[in-house]
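See below for the structure under consideration.
We name chains A, B, ... by the order of the sequence lines, and we start the count at 1 in each one. Only a predicted model underlies this, so the values are computations on that prediction, with no experimental measurement involved. Values reported hereafter were calculated over all heavy atoms of this structure, with side chains retained and with hydrogens, waters and symmetry mates removed.
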2 protein chains.
Amino acid sequence: MPGHRLEQLCHDHGLRFTEHRRMVLEVLDASTDHPAASEIHRRAAVGHSISVSTVYRILKTLSAAGLVVRRDFGDGKARYESVTRRHDHLVDVRSGAIVEFDEAALQPIIESIAARLGYRLIDYRLELLAEARGAVIDRS
Amino acid sequence: MPGHRLEQLCHDHGLRFTEHRRMVLEVLDASTDHPAASEIHRRAAVGHSISVSTVYRILKTLSAAGLVVRRDFGDGKARYESVTRRHDHLVDVRSGAIVEFDEAALQPIIESIAARLGYRLIDYRLELLAEARGAVIDRS
DNA sequence: CTAAATGCAAATCATTTGCAAAGAG
DNA sequence: CTCTTTGCAAATGATTTGCATTTAG
C-alpha cells in the first residue's frame, strides 16, 4: 500500500490525511515537471473528483507544512514540487526551458550566510537565468 | 540634472526616455525596500500623474531590458528593485521580515554551475527562508 | 461528536489588453 | 511624420472566501 508512506508523512506534520491530500501528493511525487495548481487539479481529477479550490487550499497547507515547495518562474502562476523532488533551477531566458540541477556544495555555504545574519536556514530558492553558450548576442 | 544619467541608461538599452519611465526609475533608485507595482505607482504619483497600467507596462519593459529586477516573495504580487540596488534576500519565515545581503563569493560558484550545464549566466535569484536563531521550535 | 476539510459559486486582486489620443525622435 | 507610449476602462486569470455539507480522528 503506497498510501501508507504519505499518510505517515502527513501525520508527522500534524496534518489530517485525506483522500484529496493523498491525490495531490501522489501527483506531485509522480511529476518531473513543475505543475501549476490548475495542472495539478487536472492530473488529480483523472478518474477522481476534486475541486480546484480544494487543490489551492491543499497546496497552501502542504506548502506551509513544508511538504511541498512553491516556486515562481515569473509566468504569473505559482508552480509546485514535492520536497522529495526539491532541486534548483536554471531558466533558459531564450526558450523558457527549465533545467534542473542539484549542487550539494551550496547548502553549507548558504547555511553559513544565514548563520552570519543570525538565522537558522530552513530552505532556500535559487534560480539561475542564463542563455545557452554560443547563443548569438544581439548588441544592436 | 540627475535625469541625464537615467536618460543615458534608457538610451543604452534602446529604450525611449519618457517622463514616466524617469519617474519609475527614480522611485526604484530611491527605494530601499521592494515595492510592488501598486506601491511604485503610489510613490510615483505623488505630485505627478501616471496610470497604473502604465506603471505595469514600464516595469515589464524595464525588467525585460534588465534595468529592473523582478522578485517574488510569495505574497501574490511581484516586487521590484533597481539593478543598481540588486542583492539577495533572507526572509524571516516567522515575521516576514526581509533581510538583504550581498555575498560576492557566490557569483563565481553560481557561474560555474551554469557553465557546467552549458550556459552563460545572466543573473540569478537567491532567497533564503530562515528563522531567527534561538527561536522556539514547536515540535508538538 | 467536534474540529477540520471540501464543493460551489461569488468575490478579490494583480496584471493585461483594446483602442483612441498624446508624445518622442 | 511615424512609431511608441500612455490613459481609461473593460477583460483576464489566478487565487481566495463564505457558507452549507461531509469526513477524519
**Message:** To check you understand the geometry: which heavy-atom pair defines the closest contact between B:Val83 and B:Gly66, and what is its length?
**Reply:** CG1-O, 3.0 Å
**Asked** What closest approach, in Å, do B:Ala36 and B:Lys77 show between heavy atoms, and which atom pair accounts for it?
**Response** CB-CD, 3.9 Å
**Test side chain to side chain donor-acceptor pair (under 3.5 Å) applied to A:Asp29 - qualifying residues, sequence neighbours left out** = A:Arg5, A:Ser82, A:Thr84
**Complete:** In short, A:Gln107 meets A:Leu121 closest at the heavy-atom pair NE2-CD2, 4.0 Å
**Item:** Nonpolar side-chain network containing A:Val52, other nodes, edges under 4.5 Å
**Value:** A:Tyr56
**For B:Tyr119, all residues meeting side chain to side chain donor-acceptor pair (under 3.5 Å), sequence neighbours excluded** = A:Asp92
**Item:** Outermost DNA chain C nucleotides near chain A [under 4.0 Å, heavy atoms]
**Value:** C:dA3 to C:dA9
**Message:** Between C1' on D:dA14 and CG on A:Leu59, what's the gap in Å once rounded to a whole number?
**Reply:** 13 Å
**Prompt:** Do you know which two heavy atoms are closest between A:Ala132 and B:Arg120, and how far apart they sit?
**Reply:** O-NH1, 4.2 Å
**Cluster overlap B:Phe101 with A:Leu126, hydrophobic side-chain contacts below 4.5 Å** = yes
**Atom pair distance, as rounded to whole Å: CD1 in A:Ile58 and P in D:dT16** = 13 Å
**Side-chain ion pair, A:Glu127 and B:Arg125, N-O less than 4.0 Å** = no
**Request:** Locate the shortest heavy-atom distance separating A:Leu6 from A:Phe17; write the atom from each residue and the value.
**Result:** C-CE1, 3.8 Å
**Complete:** Numerically ordered, the residues 42-57 of chain B set in heavy-atom contact under 4.0 Å with DNA chain C is B:Ser53, B:Tyr56, B:Arg57
**For DNA chain C, the residues among residues 69-77 of chain B that have a non-hydrogen atom under 4.0 Å from it** = B:Gly76, B:Lys77
**Prompt:** Can you tell me how far CG of A:Asp102 sits from CZ of A:Arg85, rounded to the nearest 0.5 angstrom?
**Reply:** 12.5 Å
**Message:** Using a 6.0 Å distance limit plus a 45 degree cone around the ring axis, check whether B:Arg86 lies over the aromatic ring of B:Tyr124.
**Reply:** yes
**Complete:** Bend of the helix from C:dC1-D:dG25 to C:dG25-D:dC1 from end-axis comparison, five pairs per end, nearest 10°, comes to 50°
Could I get a table of every N or O pair under 3.5 Å where one atom is in the protein and the other is in nucleotides 22-25 of chain D?
from, atom 1, to, atom 2, distance (Å)
D:dA24, N3, A:Arg16, NH1, 3.3
D:dG25, OP1, A:His11, NE2, 3.2
D:dG25, OP1, A:Phe17, N, 3.2

**Asked** Considering residues at least two apart in sequence or located in another chain, which fulfil the ring pair (Phe, Tyr, Trp, His ring centres under 6.0 Å) criterion with B:His87?
**Response** B:His34, B:His89
**Item:** DNA chain C-proximal residues of residues 30-40 of chain B, any heavy atom under 4.0 Å
**Value:** B:Ala37
**Asked** Side-chain heavy atoms under 4.5 angstrom apart, residues restricted to Ile, Leu, Val, Met, Phe, Trp, Tyr: same cluster for A:Leu28 and A:Val69?
**Response** no
**Message:** Checking B:Arg79 now: which residues fulfil side chain to side chain donor-acceptor pair (under 3.5 Å) with it, not counting sequence neighbours?
**Reply:** B:Asp75
Mind listing the side-chain donor-acceptor pairs of residues 43-51 of chain A below 3.5 Å, one per line with the distance, residues two or more places apart or on another chain?
from, atom 1, to, atom 2, distance (Å)
A:Arg43, NE, A:Glu39, OE2, 2.8
A:Arg43, NH1, A:Ser31, OG, 2.9
A:Arg43, NH1, A:Asp33, OD1, 3.1
A:Arg43, NH2, A:Asp33, OD2, 2.6
A:Arg43, NH2, A:Glu39, OE2, 3.4
A:His48, ND1, A:Val46, O, 2.9
A:Ser51, OG, A:Ser53, OG, 3.1
A:Ser51, OG, A:Thr54, N, 3.3
A:Ser51, OG, A:Thr54, OG1, 3.1

**Asked** So if you build clusters from Ile, Leu, Val, Met, Phe, Trp, Tyr with side-chain heavy-atom gaps below 4.5 Å, do B:Ile122 and B:Leu67 land together?
**Response** no
